[in-house]
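So the structure is just underneath, and the comments pick up after that.
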Amino acid sequence: MTVQLVQTRFAEPAGNSSGEAIGIRRLSRRFGAGDQQIVALDDISLSVKEGEFVAIVGPSGCGKTTLLKILAGLDRPSEGEAWLRGTPIAGPRRDIGVVFQSPVLFPWRTVLDNVLLPVDVQKLGRSRCMDRANALIEMVGLSGFGNRYPSELSGGMQQRVGLARALIHEPAMLLMDEPFGALDALTRENMNLELQRIWLETRRTVVFITHSISEAIFLADRVLVMTPRPGKVQIELEIDLPRQRELSVMNSAAFGEYANRIRGILNAKGAVD
């Protein structure tokens, strides 16, 4: 097969683009001023469709996490704009879920209480969210662990709690920043399978940041490859592999072609896989 490259799509507001969930237009982010100024992101424009799983890969320091923070409303662009379902992202929003590399669970709260944390913070009402919380705990494979504490869980189990917590308030967009980066290889592969299963069940719009080329290809509908700082989207690759994907797909010629293409682009820019 031939790897399909697609030109970066310039985003327009959701009202002008059918099925668009996330839009980014001419976005840049600079830190500092004068000779000390650092350009983290430079003139990024892209679009993410409703229900699409998009992975972003790139060398360390290319601005991946900065972009995710802007989408989460935790940072503001120096220029340009980002919006979710046609509404500008100007600060933290209730319809955005975030999963970081560390699950950041409260040790004094049980699994159930940690999952319900956004419900408590946003005052959504525990009673009407309890069934959903228990269903999410079951969906992420933690049935019977609702009353356990984080200290009683493995790293992979803790990350499952973080994922359930991010989904409890039914966000329109799920942002994931290296969520499995701290896990061992076997646990990470199992979490990739679990995340794919959960995404197929929920069809949330996902933006997923990773340093792993194979993880990006396995999970995503589309992979964005960023340049070294200042970060730009260099290419997009549509991942034409059938769902539901098994780990064995990583041994296929098609998977290898995608991986070699991405690795070649990153290595040409001085990046290391």
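Side chains are part of it too, since the values below use all heavy atoms of this structure and drop only hydrogens, waters and symmetry mates. Residue numbers start at 1 and run along the sequence shown.
If you take CD on Glu236 and CD1 on Ile56, they are separated by 10.0 Å, rounding to the nearest 0.5 Å. Between Met226 atom CE and Ile209 atom CD1 the span is 8.0 Å, to the nearest 0.5 Å.
You'll find the side chain of Pro103 reaches within 4.5 Å of the side chain of Gln159, heavy atoms only. A heavy-atom distance below 4.5 Å is not found between the side chains of Asp221 and Lys49. No side-chain heavy atom of Val98 sits less than 4.5 Å from a side-chain heavy atom of Asp177. Residues Arg29 and Ile70 meet the side-chain proximity criterion, which asks for heavy atoms closer than 4.5 Å.
Of the possible donor and acceptor atoms, none in the side chain of Thr66 sits under 3.5 Å from a partner among the backbone N and O of Lys69. Panel note: side chain Glu81, backbone Pro88; no donor-acceptor pair is recorded below 3.5 Å. Checking side-chain atoms of Arg25 against main-chain N and O of Ile44 turns up no donor-acceptor pair under 3.5 Å. A distance-only check finds a donor-acceptor pair linking the side chain of Arg109 to the backbone of Asp113 [under 3.5 Å].
With side-chain heavy atoms closer than 4.5 Å counting as contact, directly or through intermediates, the hydrophobic cluster containing Phe106 also holds Trp108, Leu117, Val121.
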Quiz item: Please walk me through it: do Glu178 and Thr65 pass side chain to side chain contact (heavy atoms under 4.5 Å, CB included)?
Solution: CA-CA 9 Å; Glu178 289 278 354; Thr65 296; over 6 Å; no

Quiz prompt | Worked verdict on Glu79 versus Arg30 for side chain to side chain contact (heavy atoms under 4.5 Å, CB included) | solution = CA-CA 9 Å; Glu79 295 175 355; Arg30 298 182 295 274; 3.4 Å; yes

Quiz item: Please walk me through it: do Ser102 and Gln158 pass side chain to side chain contact (heavy atoms under 4.5 Å, CB included)?
Solution: CA-CA 9 Å; Ser102 171; Gln158 290 183 26; over 6 Å; no

Self-check item: Candidate pair Arg132 and Leu167, rule side chain to side chain contact (heavy atoms under 4.5 Å, CB included), full reasoning
Solution: CA-CA 10 Å; Arg132 176 167 174 77; Leu167 292 169; 4.2 Å; yes

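Taking every heavy atom of both residues into account, Ile239 and Ala220 meet most closely at CB-O, 3.5 Å. Closest non-hydrogen pair, Ile137 versus Gly146, comes out as CD1-CA, 4.4 Å. Residues Leu105 and Gly162 come closest through the heavy atom pair CD2-N, 4.3 Å.
Taking the charged nitrogens against the carboxylate oxygens, Lys232 and Asp43 have no contact shorter than 4.0 Å, which rules out a salt bridge. Looking at Arg85 and Glu20, no side-chain N of the basic residue comes within less than 4.0 Å of a carboxylate O on the acidic one, giving no salt bridge.
Under the side-chain hydrogen bond (donor to acceptor under 3.5 Å, both in side chains) rule, Glu52 has a single partner from Arg204, Arg222, Arg203, which is Arg222. Among the candidates Val140, Leu153, Leu112, the single residue satisfying the side-chain contact (heavy atoms from CB on, under 4.5 Å) test with Phe145 is Leu153.
For Ala216, the side-chain contact (heavy atoms from CB on, under 4.5 Å) partners are Ala55, Val57, Thr210, Val223, not counting sequence neighbours. Residues that satisfy the side-chain contact (heavy atoms from CB on, under 4.5 Å) test with Thr187, not counting sequence neighbours, are Leu183, Asp184, Met191.
Heavy-atom neighbours of Arg197 CZ from other residues, nucleotides or ligands within 6.0 Å: above the threshold of 12. By the neighbour-count criterion of 12 heavy atoms within 6.0 Å, atom CZ of Arg93 is densely surrounded, having more than that number from other residues, nucleotides or ligands. Gln244 CD: more than 12 foreign heavy atoms inside a 6.0 Å radius. Atom CD of Glu138 sits in a sparse spot, with 12 or fewer heavy atoms from other residues, nucleotides or ligands closer than 6.0 Å.
Taking the six-membered ring where the residue is Trp, Trp199 and Phe53 present perpendicular rings, their angle passing 60° and hence far from 30°.
Both Met250 and Ile213 belong to a common hydrophobic cluster when Ile, Leu, Val, Met, Phe, Trp and Tyr are linked at side-chain heavy-atom distances under 4.5 angstrom.
Side-chain contact, Thr110 with Asn147: no donor N or O sits under 3.5 Å from an acceptor N or O.
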